[in-house]
Structures are given as structure tokens and as C-alpha cells.
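Heads up: the structure comes next, in C-alpha cells.
Lettering follows sequence order; numbering is per chain, from 1. The figures here come from the full heavy-atom set of this structure, side chains too, leaving out hydrogens, waters and symmetry mates. None of these values were measured; they are calculated from a predicted model.
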There are 2 protein chains.
Amino acid sequence: MSDNSSDKVISISRLRQACRNCSLRDLCLPMGLSNEDLQRLEGLVGSRGPLRRGDHLFREGDGFHAIYAVRYGALKTYTIDDEGREHVLGFHMAGELAGLDAIYPAEHACSAQALQATSVCAVPFARLESLARDISGLQIHLLRVLSKELGATAHLAADHTAEQRLAGFLYSLSRRLGLRGYSERELHLFMPRRDIASHLRLATETVSRLLARFQQQGLIKVSRKHIELLDPEALRHLGGAMAGAGPEAAERCRGDL
Amino acid sequence: MSDNSSDKVISISRLRQACRNCSLRDLCLPMGLSNEDLQRLEGLVGSRGPLRRGDHLFREGDGFHAIYAVRYGALKTYTIDDEGREHVLGFHMAGELAGLDAIYPAEHACSAQALQATSVCAVPFARLESLARDISGLQIHLLRVLSKELGATAHLAADHTAEQRLAGFLYSLSRRLGLRGYSERELHLFMPRRDIASHLRLATETVSRLLARFQQQGLIKVSRKHIELLDPEALRHLGGAMAGAGPEAAERCRGDL
DNA sequence: CGAGTACTTGACCCAGATCAAGCCATGTGG
DNA sequence: CCACATGGCTTGATCTGGGTCAAGTACTCG
């Protein structure tokens, strides 16, 4: 973790309070855990933040000690390739995990940066691991999250058109926001166009043009960062609704926990 | 599982023998397990196969009951998109796992087909899951494999040129074969060009042209399915050696177990 | 040996990148 | 409160990597 320690002081002072707010109950691990188990889990959860926009939670190459669950706010994870270009791996909003790709190499394979004021739960991996042995459900839950992320990334790696990728992105973002209690119709893009473009391996200009086109086709209404989905079903179909699988598969689009 | 039962008879007759050959010891789970733990694990491993070329191990939409470790031979996993085009997700050779992306949706998200005569261990997931609680090391091992696969897929999803993707593919294939005791210099492509192309989201023609170009540049020597790597380092560099990370990261390119 | 399939090679085309202005919202300092 | 800088976004013009189409060539297997 490579943040300067200026706000570490703050975070320490707020740790207790934050931890009380953390409420794994509805954010990080809303699965069938007993209250007792939840308490044991909460016992080992630390806290980072609040991070301000632009702050890094971790950087590529940092030692891997914990996985992070976003409590509020949003992160992007990205890598920098040898030519210096940034590639955005994903966006992580409240209730979603970041840092899972670090388990194998035992160091962070990407950097995580706050897109807005953000607070996270830090779950020390070593202890999570041992706890997962005891708490029935936690282990399988972790595996499921990883598996889901894998499916989503594989879908992204497939050979779709720019239109399909952007439509799919908007649709899946809407579903994810819906799961968090936000409107599925009216979304606030908490990331700049450049990051969406990078994530979908497009040029910023292409994202801009496609949004304009979707609007002109009556699929969405764009107003700066505010997007209204006028025809979510059309977007879903455009977005290469994952073949064969039912509507459930569309959920596969991010590792919410 | 949707194979016709014609060879199921064969496979049952060979099950005992195959299971003895399975030797999780050096294939499926070469981690720090005690002999006793290994025996418990082997006790619950079933067997499928031998599969002939073209046979399916499972198909998209099949219920998820087991993950599969390739004992010998090779598989490809793929999906069919709504336009009927096939997308190859990955290739799985001896010692590697297939079916991990099914954990989340609880049904297979892709189909797995043998590229040659192939035999696999079938590890019933329900029991693996409970066993992982007891056997220290198995749980974290599963998580690592998933994490590794995630990293590899994310790398594939990044915005690289055709040249970079193919060079990276050849290099990583060579490393994987090396780990299995095969030569790293002389590789046998056990899959058709079409499948390589689909996996890397290229046209078959592009793969063909690039192989010709690599050869003419003195990087490789191509003779049908036989490829000799004359300059592995050059390939590694072309292949967008994962930024920042050490040589270890290059291993990240498939979920060997 | 013939038929089918995999692979190669060439000619042409197009989705989306890149380059180039301009626009518009938010500062920021005077 | 206004100039004006700055960075995000849009829109148009042009270019190009790699796709598509087409025509072979070469294994492979019955």
C-alpha cells in the first residue's frame, strides 16, 4: 500500500467508527451467515479511507495482504502496459470486492484508485483464509465471487463490436446499481469517458459517438454523466446477451459480494 | 453432461484402472499435501474418458457437478454467441483444470471439447468443497487457481495488437508445456489455427500470416503443427510482458494446478 | 485415389483508431 | 464577479490493422 500516511492518521482515528458502519451485514457479505459468524468476521475487518478522488488503495506490485470490499464510493482497477498505456480492468462499487487477482501472484497485479470519496473494508487475507475453513458458506462464497469475475472477464475478452461492448456495459452497470438499491433507469456514470473507453478497449471518441448514437436511436438519454435508460431490453440484446443462459447470466457481470 | 453413452460403457470398464493412473500426486494437485490427505482426495475423484477428439466433456448449460482436471490429452473450452460464432475461452492440457467458471452460475458457462484423445479426473464439487475445509492448502490452492485464471483472462481482454496476442500465446504455451516436462523450444500445436484465432479474437488468416511473418523474422520455425521457438525472449517481449511484474507473472497465463 | 478439411496467400474493405478542432463545465486568481 | 485556464467531452476528417472474400495448396483419412 503506497498511499502517503497523511490520511492514515485520519483513518486510524475513524477506524472504530467506520468499522461499526461497515455493516458487513448488507454490504460485503450478504449471504446466509449466522449472526455469530458475522460477528467473528467483522472482528477481523479493518478499514481504509476515506479515500479522496485520485487516491490509491493499492498499486501494482504492492504486497498482497488483504482483499477490499467497497463500503461506499467507487474504485477503478487498472494496469499500465509496457508502452505506458493504462488499461482499466474494472469498476468496483459499494459491496463489490477488489484485489482478488492478487491471490495467485501474492502481489497486487493491478492498481486500485478511488473515483470519488470512497471507503473500504480491508479483510486480511491470511485470517480470512483460516476463517473460511470454519464458517460454512464463506469459502464457497469466495469461490463464487472469483468464478463470477472470471465469467465477466471472459465475456469482456470475447470478440464483440464496440456497440455490443458499450451496450453491455451500460446494461450491466444498470443491473449492478439496481442491486445496490439505486435506480436501474437513471444512472450516474461515476467514471470519466476515458476510463469506460479503456475498460472496453475503445477510444474515448468512440464511446462519445456511440452514446450519441444510442441517444439518437432512442435507447438512452445522455446528459453529461447522467444517463437514462429508455430501452434497457434493447441494450441487453445489443450487448450480446450471454448465449444460452437465462437472465441470471447477465448478472454475471461483476463480482458483487 | 451430454455425451452419448456409447463410450460410457468403455469408460466405466476403465474407471478403476484409470483412477489408479490418475496420480493426483504429480498431475492434479502437486502442492504440499500429506500422503494421507492425498488418499482422501483420490478417494473422491472419479474419471471420465478416454474422450476421443471431438467428444464433449460438458456443454454450456449442463448442470455443474464437478470440476475436471486433465490427466492426459487436451481440451478446449468455448461458448457460442447469439450469432452462432464460436469463441474459444481457453485450452487445457495435462494438469490443468476446466469448469471453474461454472461455480458461480451453478451451471456450465461454456462447453469443453477434447482436441485429442483425453482423459480427465472428475472432482465432485460438493465434496471437494467440504474437503477443502479440512485439508489445509486445498482451499487456498483453489483460490489461487481461480485468481491465476482471472489474471490470464484479464490480460487477454486487454487492448493488444494481433502480433502481441499471438506472440504472448506462443510464449505462454511454451512455458506451460515446459512445466509439464515437454520441451519449451519445440511445441506441438494440438489445436487448429481456427481455434487459436478464435481464442485470440483474430481471423484464421491473420494467425497464418503472423506465423509466416514470425518465421521470416527468425523468431520461430513453422512446420504445420510443429513450431520451434528460435527466439523465445523476443516473443516474450512482443507479447506484452506483463508490466512491472517479474518473470513469475508471465506464468500467470493459465490455471495449471 | 478422391473428398473433405486445414492451411496459406492475395486483393480489397471497413470498424474503429487517430488526428484535429472546437465546446462546455468547472475551477482559480485578480 | 468576471477573465481565462484546464480538463473532459463532442464532432468531423482521415487513416489503418486486421477482417472478409476468394482462390488456391496440402494433409489426412476413408
- prompt: Hey, where on DNA chain D does chain A first and last touch, going 5' to 3'? Cut-off is any atom under 4.0 Å from a heavy atom.
  reply: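 Boundary nucleotides touching chain A, in 5' to 3' order, are D:dG8 to D:dA13.
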task: Apply side-chain contact (heavy atoms from CB on, under 4.5 Å) to A:Asp195 and A:Tyr78, showing your working.
output: CA-CA 9 Å; A:Asp195 287 345; A:Tyr78 67 94; over 6 Å; no
task: Run the numbers on A:Tyr104 and B:Leu146 for side-chain contact (heavy atoms from CB on, under 4.5 Å), then give the verdict.
output: CA-CA 8 Å; A:Tyr104 167 65; B:Leu146 246 332; over 6 Å; no
message: With rounding to the nearest 0.5 angstrom, report the CD to CG distance, B:Glu149 to A:Asp101.
response: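 The CD atom of B:Glu149 sits 13.5 Å away from the CG atom of A:Asp101.
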query: Are A:His92 and A:Thr77 side-chain neighbours, meaning at least one heavy-atom pair lies under 4.5 Å?
result: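 Heavy-atom side-chain distance check passes, below 4.5 Å.
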message: Less than 4.5 Å apart, side chain to side chain, heavy atoms only: is that true for A:Ser147 and B:Leu100?
response: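 Side chain of A:Ser147 against side chain of B:Leu100, heavy atoms only: no contact under 4.5 Å found.
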message: Under the rule for side chain to side chain donor-acceptor pair (under 3.5 Å), what residues qualify as partners of A:Gln116, not counting sequence neighbours?
response: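 None.
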query: Should A:Thr206 and A:Leu200 be marked as a side-chain contact (heavy atoms from CB on, under 4.5 Å) after you check the CA-CA gap, both sets of side-chain angles, and the distance that decides it?
result: CA-CA 10 Å; A:Thr206 304; A:Leu200 303 175; over 6 Å; no
task: Heavy atoms of chain A, cut-off under 4.0 Å: which first and last nucleotide of DNA chain C, 5' to 3', fall inside that, if you could look?
output: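 The contacted stretch runs from C:dG16 to C:dA25.
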task: Assert yes or no for the condition that the ring centre distance of B:Phe91 to B:His199 is strictly below 6.0 Å.
output: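 Yes, they do, as the ring centres are separated by less than 6.0 Å.
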- request: Compute the bend angle of the helix from C:dC1-D:dG30 to C:dG30-D:dC1 from the end axes (five pairs per end), rounded to 10°.
  value: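 End-to-end axis angle: 40°.
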task: Tell me which residues in residues 203-216 of chain B put a heavy atom below 4.0 Å from DNA chain C, sorted by number, or none.
output: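 Only B:Glu205, B:Ser208, B:Arg209, B:Ala212 qualify.
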task: Look at all strands and tell whether A:Arg165 reaches a base, only sugar-phosphate, or nothing, counting heavy atoms closer than 4.0 Å.
output: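 The answer is nothing, as A:Arg165 stays clear of every strand by at least 4.0 Å.
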- request: Starting from the C-alpha separation in whole Å, work towards a yes-or-no answer on salt bridge (Lys or Arg N to Asp or Glu O under 4.0 Å) for B:Lys148 and B:Glu96.
  value: CA-CA 12 Å; B:Lys148 189 177 190 176; B:Glu96 296 177 337; over 6 Å; no
Listed pairs under 3.5 Å, donor-acceptor, residues 219-229 of chain B side chains, sequence neighbours left out:
| unit_1 | atom_1 | unit_2 | atom_2 | d |
| --- | --- | --- | --- | --- |
| B:Lys225 | NZ | B:Met191 | O | 3.2 |
| B:His226 | NE2 | B:Glu186 | OE1 | 2.9 |

field: Candidate pair A:Ser174 and A:Tyr182, rule side-chain contact (heavy atoms from CB on, under 4.5 Å), full reasoning
entry: CA-CA 9 Å; A:Ser174 140; A:Tyr182 297 99; over 6 Å; no
task: Using a strict cut-off of less than 4.0 Å between a Lys/Arg side-chain nitrogen and an Asp/Glu carboxylate oxygen, indicate whether B:Arg193 and B:Glu205 qualify as a salt bridge.
output: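 The answer is no: the pair does not qualify as a salt bridge.
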- request: Please check if any side-chain donor atom of A:Ser111 sits under 3.5 Å from a side-chain acceptor atom of A:Arg59, or the reverse.
  value: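 A:Ser111 vs A:Arg59: no donor-acceptor pair found between side chains.
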query: Starting at the 5' end of DNA chain D, which residue's closest nucleotide do you reach first, A:Asp159 or A:Arg224?
result: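 Looking at the nearest nucleotide for each, A:Arg224 comes out on the 5' side.
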